[in-house]
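Here is the structure we will look at.
All ligand and atom numbering here is 1-based and tracks the order in the structure.
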Amino acid sequence: MVASSFAVLRASRLCQQDWKSWARLFVPPPLSTGGRTTWARTNATLSVEPEGRSCWDEPLSIAVRGLAPEQPVTLRSALRDEKGALFRAHARYRADAGGELNLARAPALGGSFSGLEPMGLLWAMEPERPLWRLIKRDVQTPFVVELEVLDGHEPDGGQRLARAVHERHFLAPGVRRVPVREGRVRATLFLPPEPGPFPGIIDLFGVGGGLLEYRASLLAGKGFAVMALAYYNYDDLPKSIETMHMEYFEEAVNYLRSHPEVKGPGIGLLGISKGGELGLAMASFLKGITAAVVINGSVAAVGNTISYKDETIPPVSLLRNQVKMTKDGLLDVVEALQSPLVDKKSFIPVERSDTAFLFLVGQDDHNWKSEFYADEISKRLQAHGKEKPQIICYPAAGHYIEPPYFPLCSAGMHLLVGANITFGGEPRAHAVAQVDAWQQLQTFFHKQLGSKS
Ligand SMILES: CCCCC/C=C\C/C=C\CCCCCCCC(=O)SCCNC(=O)CCNC(=O)[C@H](O)C(C)(C)COP(=O)(O)OP(=O)(O)OC[C@H]1O[C@@H](n2cnc3c(N)ncnc32)[C@H](O)[C@@H]1OP(=O)(O)O
């Protein structure tokens with residue numbers, strides 16, 4: 001791993017609105033009636049559809065009924081992650097002439113977002129704890145989202161008129177979760193409801209390691225057999241890694257390809273960030289990979305060597321003097337990796353691959369130059385007579401392009417750098433990118449891997 005001497009920077013200025021007391025939410029203040037319109041309606045109802053529960057990647061229909069005509073209200077949302085960190089959003093609205101408010105038709109007038117954003121109360125959530133990323137660790141439990149309607153336009157002040165609690169699940173009904181401990185492989189396989197076989201996909205996250213299952217579990221709900229694969233910092237795998245041995249990943253590919261519920265002949269790969277870089281290396285060195293989706297990946301080995309049999313790809317040089325400081329006191333490392341066109345030995349030999357590629361690129365990725373890497377891969381593949389990859393670029397989207405409705409993580413601790421860095425992205429554009437990217441990658445995998453036969 002890259003050694004780090006950077007002190008951890010405190011970037012609390014980035015922390016969004018500091019809500020003084022969560023407890024105050026539940027203690028409505030008395031209504032002032034002296035000469036002012038009293039709007040509060042105790043018969044207001046908040047409806048969320050589907051009712052009670054849904055999958056995290058499903059859109060919701062949110063409406064309030066029983067308000068006064070043109071009544072100003074504030075909607076608030078909140079959830080806690082499994083570490084107890086609170087994420088919240090709020091937006092100001094006005095009811096229509098009939099005392100109704102439908103988020104599919106009414107624009108938000110301000111708050112955490114503005115304009116017509118039916119899912120803004122989810123994607124615009126911000127962590128109370130600075131630089132904290134919304135991560136789902138246990139996919140067998142939902143995130144519980146609390147929604148509230150408050151009288152007036154003061155997010156901390158108005159009387160609460162209605163409330164709803166909605167569970168956002170990560171396992172669609174019937175999806176099976178199977179822990180995998182086969183040979184050296186440490187993973188979790190998610191299988192759609194029977195019967196199979198299903199197109200198979202290996203899912204890889206990035207630096208930090210561990211075993212994140214939420215993307216694989218959601219994708220299994222779309223008809224794929226998806227194996228979330230750990231490669232370090234999990235179970236009996238190494239805590240850190242100097243060299244990424246492709247033989248480990250080969251074992252995982254072979255395991256999935258030979259699974260009785262996985263349709264052949266080849267499988268798909270999905271990787272983000274370092275996971276995208278690894279996906280590219282797997283597609284270059286290993287057999288049996290028909291399709292790969294790389295989300296903001298690198299074409300160079302970064303931070304560690306990649307090895308397969310007697311070949312090694314050394315990491316690109318770090319350009320420490322290119323690390324910048326943002327006005328928010330974060331490091332910007334986007335210029336801090338040497339180009340693989342200069343450090344040529346660090347360029348992953350993609351030209352050897354017969355895999356079909358889809359690159360999903362956030363054009364405001366500040367982790368590294370994802371768009372440049374995708375373009376260079378495309379040039380290299382075509383120069384070697386290989387199929388031109390599909391590249392989809394998302395303006396103003398940052399590094400962590402997640403499944404729909406995950407709030408943007410625009411900055412945070414980077415374990416490889418050892419400091420808080422900016423990951424880029426503008427919340428609304430990033431939310432749009434996530435919805436599209438999720439659909440695009442499913443369409444791509446269905447086309448390349450075939451639907452279940
Ligand atoms: C010497 C100078 C160097 C100069 C360098 C110069 C240039 C470098 C230039 C460029 C470098 C770019 C290289 C980038 C390459 C790779 C890019 C990526 O891969 S981006 C990351 C993508 N990764 C993932 O998506 C996987 C994320 N997974 C994880 O992080 C972990 O699995 C985990 C979810 C955190 C779980 O792991 P674990 O159970 O072990 O976690 P812990 O609970 O023990 O926490 C560990 C650590 O993480 C902090 N943490 C935990 N949860 C969160 C959260 N939700 N949000 C923010 N932070 C979280 C936690 O506080 C712990 O931190 P600490 O130990 O400090 O307390």
Less than 4.0 Å is my threshold; does some heavy atom of [X] fall inside it relative to ligand 1?
X	value
R137	yes
Y400	yes
E277	no
M413	no
G209	yes
H414	yes

Residue [X] vicinity, atoms of ligand 1 by number, heavy atom under 4.0 Å:
X	result
G210	32 (O)
V302	13 (C)
K83	43 (O)
H399	20 (S)
R320	1 (C), 2 (C), 3 (C)

Validation row: R168, K136 side chains within 4.5 angstrom (heavy atoms) =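 Result no, sub-4.5 Å side-chain heavy-atom pair not found.
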Donor-acceptor contact present, side-chain S353 to main-chain A283, <3.5 Å = yes
ask   = When you measure from the side chain of R129 to the backbone N and O of L86, does any donor-acceptor pair fall under 3.5 Å?
value =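 Such a contact is absent between R129 side chain and L86 backbone.
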task = Nearest heavy atom to atom 55 (N) of ligand 1 wins, so pick from R133, Q338, H366, E82.
result =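 Of the listed residues, R133 has the closest heavy atom.
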key: Closest candidate by heavy atom, reference atom 34 (C) of ligand 1, pool V334, L211, I135   = I135
inquiry  = Do the side chains of K386 and E351 get close enough for a salt bridge, i.e. N-O under 4.0 angstrom?
reply    =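 E351 and K386: not salt-bridged.
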key: Lys/Arg-Asp/Glu bridge criterion (N-O < 4.0 Å) met for E194, R176   =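 Salt bridge between E194 and R176, a charged N being under 4.0 Å from a carboxylate O: yes.
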Describe, in one word, how the ring planes of [X] and [Y] are oriented to each other, choosing from parallel (under 30°), tilted (30 to 60°) and perpendicular (over 60°).
X	Y	value
F113	W123	tilted
W56	F170	parallel
F423	Y400	perpendicular

Using a 4.0 Å heavy-atom cut-off, which part of [X] comes near ligand 1: side chain, backbone, both, or neither?
X	answer
V207	both
L134	neither
L212	side chain
N233	side chain

Min N/O separation S273 to ligand 1 under 3.5 Å =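 Yes, there is a polar N/O contact under 3.5 Å.
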task = May I ask you to check whether F205 and Y214 place their ring centres under 6.0 Å from each other?
result = yes
inquiry  = Quick check: Y231 with F249 (ring centres under 6.0 Å apart)?
reply    =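 Yes, ring centres under 6.0 Å apart.
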message = Using 0.5 Å steps for rounding, measure from the CG atom of L256 to the CE atom of M227.
response =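 The distance works out to 5.0 Å.
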